[in-house]
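Chain identifiers are assigned alphabetically (A, B, ...) following the order of the sequence lines, protein sequences preceding nucleic acid strands; residue numbering begins at 1 within each chain. Note that these values count all heavy atoms, side chains included, but never hydrogens, waters or copies made by symmetry.
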Number of protein chains: 4
Amino acid sequence: MTTASKPLASRRSETSRLAILDAALALCREQGYARVTIEAIAARAGVGKQTIYRWWPSKGAVVLDAFERVAAEIPVPDTGDVLADMRTFLTGVVRLFTDDNFGPHLGALIGEAQYDPAVRTALLEQYLKPRRAAVADRLRLAQQHRQLPGELDLTAVLEVMFGALYHRLLLRNGPLDQAYAHFVAEIVLGGCSAQPTTDRSHHPVTQRK
Amino acid sequence: MTTASKPLASRRSETSRLAILDAALALCREQGYARVTIEAIAARAGVGKQTIYRWWPSKGAVVLDAFERVAAEIPVPDTGDVLADMRTFLTGVVRLFTDDNFGPHLGALIGEAQYDPAVRTALLEQYLKPRRAAVADRLRLAQQHRQLPGELDLTAVLEVMFGALYHRLLLRNGPLDQAYAHFVAEIVLGGCSAQPTTDRSHHPVTQRK
Amino acid sequence: MTTASKPLASRRSETSRLAILDAALALCREQGYARVTIEAIAARAGVGKQTIYRWWPSKGAVVLDAFERVAAEIPVPDTGDVLADMRTFLTGVVRLFTDDNFGPHLGALIGEAQYDPAVRTALLEQYLKPRRAAVADRLRLAQQHRQLPGELDLTAVLEVMFGALYHRLLLRNGPLDQAYAHFVAEIVLGGCSAQPTTDRSHHPVTQRK
Amino acid sequence: MTTASKPLASRRSETSRLAILDAALALCREQGYARVTIEAIAARAGVGKQTIYRWWPSKGAVVLDAFERVAAEIPVPDTGDVLADMRTFLTGVVRLFTDDNFGPHLGALIGEAQYDPAVRTALLEQYLKPRRAAVADRLRLAQQHRQLPGELDLTAVLEVMFGALYHRLLLRNGPLDQAYAHFVAEIVLGGCSAQPTTDRSHHPVTQRK
DNA sequence: CATTAATCGAGACGGTACGTCCTGTCTTGCA
DNA sequence: TGCAAGACAGGACGTACCGTCTCGATTAATG
């Protein structure tokens, strides 16, 4: 723990790093993720291929890095009305998902994650989890205010909510719009409130006469 | 009134077709979708590459075809209790999704669908939609029995339900098990019943005091 | 040798045969021999591939057949002056060789003959030898008239003569024209007359001072 | 006055180059030119196909390059007797042409030259012309010594001479042996000496009485 | 302030797979 | 039976990228 000055660490060229990320994004936009190649990124960035391989393990990793530069942080509002807030938030997410500079990239990265566990982990840990924390916080707040039952598995609730949006992002079998965002918010929060009824026998949902 | 001879249609070799689909499945199982190549399928099936290219537009299409041969039809029970039935059904889906001969393939195909619109369409039309029709029917029945509100968009409901499962299939950030299946069924059906409250002002979910 | 009426032999379609030969020639002209394929000939002729394979052993054989339909017979004049006659004859050959509908085909066939012995044999026996017989006759006549020595190997003389022309046909390192035809005739016939000098010691050609 | 370092020029791998040429030759020997493929050369040489395509335009070009490594330089003797020298030289050429490691390759390359102009040019410029220069020199010397007429077109003379040998190399309609070599030398040189007679009217060759 | 070692651009290398083209054989109705 | 049509197994084509590997040419901290 003596001389530990840090500069020793890296002579990495920031210029090249940025050029690579820019090129990766541009190529994704222009040709679609599948058609992007390391070779093309290198050529476009005016960089040797080695420079990419030196710092990233795979194409997915590069694109993931590049992707974070366009990935907006959607604010989670707190008006006191948790349903309204979720509607607002999910509408924001939908807006992001339908942005041509974002949605397709996220889809492609989830696709890539099917084969490349490194991409999956990075996507989850670096991107998804941090962003969801804020939403979980908002829901936790609602719990504290007794607007939601206390014993809810908030992570799972988030997954249902996001899963619904991902479904339309990935499979495109329906419009990914504000109405859908509202619908999801209502169904899921509605379901949360209906949830604790462990005794379901007389609930209208459960038993045909 | 002769038996309508239509033999002209296709000189396609059924033997080759089956050999190709078998080879595709086997390779997927052994090496994972990403490592499967048309070349390998052809070699394994003892078939010329051209024979594959003649009848399928892409690797995804071949695997999708092969995939349908292992894709079990999950029965949608009707006990009168729609929530119980959905729990049962979703548990079946979860079981399928966690089958090593199925889940990863489906994930990979959804991944492929991100780049290959043909795969996306085929996946939706040939695989997903037909299977969901039965579930939609069951929900429609519940509507008729007034267990679910009548004005629900059942397609969207299904998407929320399946989206929740897909989320864990694709991102693996939580266990894809019976408990999750039940949780999803309860949240979503619960949400459906809570839904019609277009006037949300006094609903416990919506407004902090 | 009894019932020997011929029709039993072949139900071969003359229409197809001609269509194939025409197509072969046309394709040679348009794309060059190397780019001609059996597939293309069949398509162009509106004929099944099998029909070609049934009647010819190889592409070379088809083209050779087609080739004979454009291969003119060069007349061998007999004016009494063998040198003049050879000049005339070789000029005719040169004219044929430089015909775009002939020279390149002959070159290609000789090229093909390097790999395909059947083509070589057919080319020699069916095409070259018959045509050379007339020239050999003319030279034999000259021998009888003592214009050429009697013990000459006329076949070899012809080969020298034609070899000279083939050289320019195949390698194109000089103009294949009348002047060259005359030059060759003079050199070769001149050499024939100078030939018999088995005693070469005092001949100007042989011994430097 | 430093030793002009020009190292920048080429990072081409000499090892690969040689491996490719060796493989090409070996395959020609073993299977014949027509059956050699770039794929096989690459495999045999332990080289990527791209490495071949990077440096040679066609199979013909590779084989031509390889071919030059076995193409012996036939010495052109100068004993003072030009006819004897040509007999000797042509006998050497015949010996080379009948060498199984040479003759068939040359034949095949001339065949290839019919379709591939690059091969034709390279064959002429890189192989044939340089070798013929020495023969032309020898003939020029004979002219200076008045053993041959001064106004002869030596290039054309060479073509007649070589054409005669090529004829038998390519069409194999007679033995390619010493006797033929001598015959060709005598005919052609004899014809050269007889040549200058521009007035041919009284020449024994020309006019039947 | 010069030295020196990591990093850079460039791009050749051994490979793998691509999707296409053609080969020669086979099969299926039509004439 | 011969034919047009064209599917079939197979093999080579020439191209595109992969990830690794030299090459000098920077370049920045250290010695």
Student: Do any N or O atoms from the side chain of B:Thr51 and from the backbone of B:Val47 form a donor-acceptor pair under 3.5 angstrom?
Tutor: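 Absent.
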Student: Atom CG of D:Leu18 and atom P of E:dC13: how far apart are they, to the nearest Å?
Tutor: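 Taking CG of D:Leu18 and P of E:dC13, I get 12 Å after rounding.
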Student: Report the residue (D:Gly48 or A:Gln50) whose heavy-atom-nearest nucleotide on DNA chain E is the more 5′ of the two.
Tutor: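 Upstream on the strand: A:Gln50.
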Student: Within the structure, does a side-chain N or O atom of D:Ser16 lie under 4.0 Å from either OP1 or OP2 of E:dA12?
Tutor: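 No, outside the criterion.
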Student: Find the distance B:Arg11:CZ to E:dC30:P and express it as a whole number of Å.
Tutor: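 Roughly 10 Å, once rounded to whole Å.
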Student: Any donor-acceptor pair under 3.5 Å joining the side chain of D:Lys49 to the base of F:dG14?
Tutor: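 Present.
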Student: Heavy atoms only: give me the nearest C:Val119-C:Leu109 pair and the separation to one decimal.
Tutor: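 In terms of heavy atoms, the two residues are closest at CG1-O, 3.8 Å.
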Student: Using whole Å, what does the distance between atom P of nucleotide F:dC17 and atom CZ of A:Arg44 come to?
Tutor: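 Whole-Å distance recorded here is 14 Å.
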Student: Any side-chain N or O of D:Trp55 below 4.0 angstrom from OP1/OP2 of E:dC13?
Tutor: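 Checking D:Trp55 against E:dC13: at least one side-chain N or O falls below 4.0 Å of OP1 or OP2.
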Student: Going by atom type alone, with no hydrogens or angles, which donor-acceptor pairs under 3.5 Å involve a side-chain atom of residues 57-65 of chain C and a protein atom two or more places apart or on another chain?
Tutor:
from	atom 1	to	atom 2	distance (Å)
C:Ser58	OG	C:Gly60	N	3.4
C:Ser58	OG	C:Ala61	N	3.2
C:Ser58	OG	C:Asp116	OD2	3.3
C:Lys59	NZ	C:Tyr33	O	3.0
C:Lys59	NZ	C:Val36	O	3.0
C:Asp65	OD2	C:Trp56	NE1	3.1

Student: Between B:Gln114 (side chain) and A:Leu170 (backbone), is there a donor-acceptor pair under 3.5 Å?
Tutor: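 Checked: pair present.
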Student: Pick the closest DNA chain E nucleotide for D:Val47 and for B:Lys59 by heavy atoms, then say which residue is nearer the 5' end.
Tutor: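 Here D:Val47 is the residue nearer the 5' end.
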Student: OP1 or OP2 of F:dT22 less than 4.0 angstrom from a side-chain nitrogen or oxygen of D:Ser13, does that happen here?
Tutor: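 No, because none of the side-chain N or O atoms of D:Ser13 sits under 4.0 Å from OP1 or OP2 of F:dT22.
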Student: Whole angstroms only, please: what is the CD1-C1' distance between A:Ile52 and F:dC21?
Tutor: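 From A:Ile52 CD1 to F:dC21 C1': 16 Å.
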Student: Verify the contact: side-chain N or O of B:Thr51 to OP1 or OP2 of F:dA9, cut-off strictly under 4.0 Å; return yes or no.
Tutor: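 For F:dA9, OP1/OP2 do have a side-chain N/O of B:Thr51 under 4.0 Å.
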Student: Given the rule in the salt bridge (Lys or Arg N to Asp or Glu O under 4.0 Å) test, do B:Arg44 and B:Glu30 qualify, once you have shown the distances and angles that lead to the verdict?
Tutor: CA-CA 12 Å; B:Arg44 173 95 162 221; B:Glu30 290 166 20; 2.8 Å; yes
Student: What are the two closest heavy atoms between A:Ile20 and A:Ile52, and how far apart are they?
Tutor: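 What the structure gives for the nearest pair is CD1-CG1, 3.8 Å.
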Student: So, OP1 or OP2 of E:dC13: does either fall under 4.0 Å of a side-chain N or O from D:Arg54?
Tutor: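 Indeed, a polar side-chain atom of D:Arg54 lies that close.
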Student: Atom CG of C:Asp22 and atom CG of C:Leu18: how far apart are they, to the nearest 0.5 Å?
Tutor: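 Separation between the atoms: 6.5 Å.
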Student: Could you list by number each residue of residues 21-43 of chain A showing a heavy-atom separation from DNA chain F of less than 4.0 Å, or answer none if no residue does?
Tutor: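 Contacting residues: A:Thr37, A:Ile38, A:Glu39.
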Student: Taking for each residue the nucleotide of DNA chain F with the nearest heavy atom, is it D:Tyr53 or B:Ala45 whose nucleotide lies nearer the 5' end?
Tutor: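 By nearest-heavy-atom nucleotide position, the 5'-most residue is B:Ala45.
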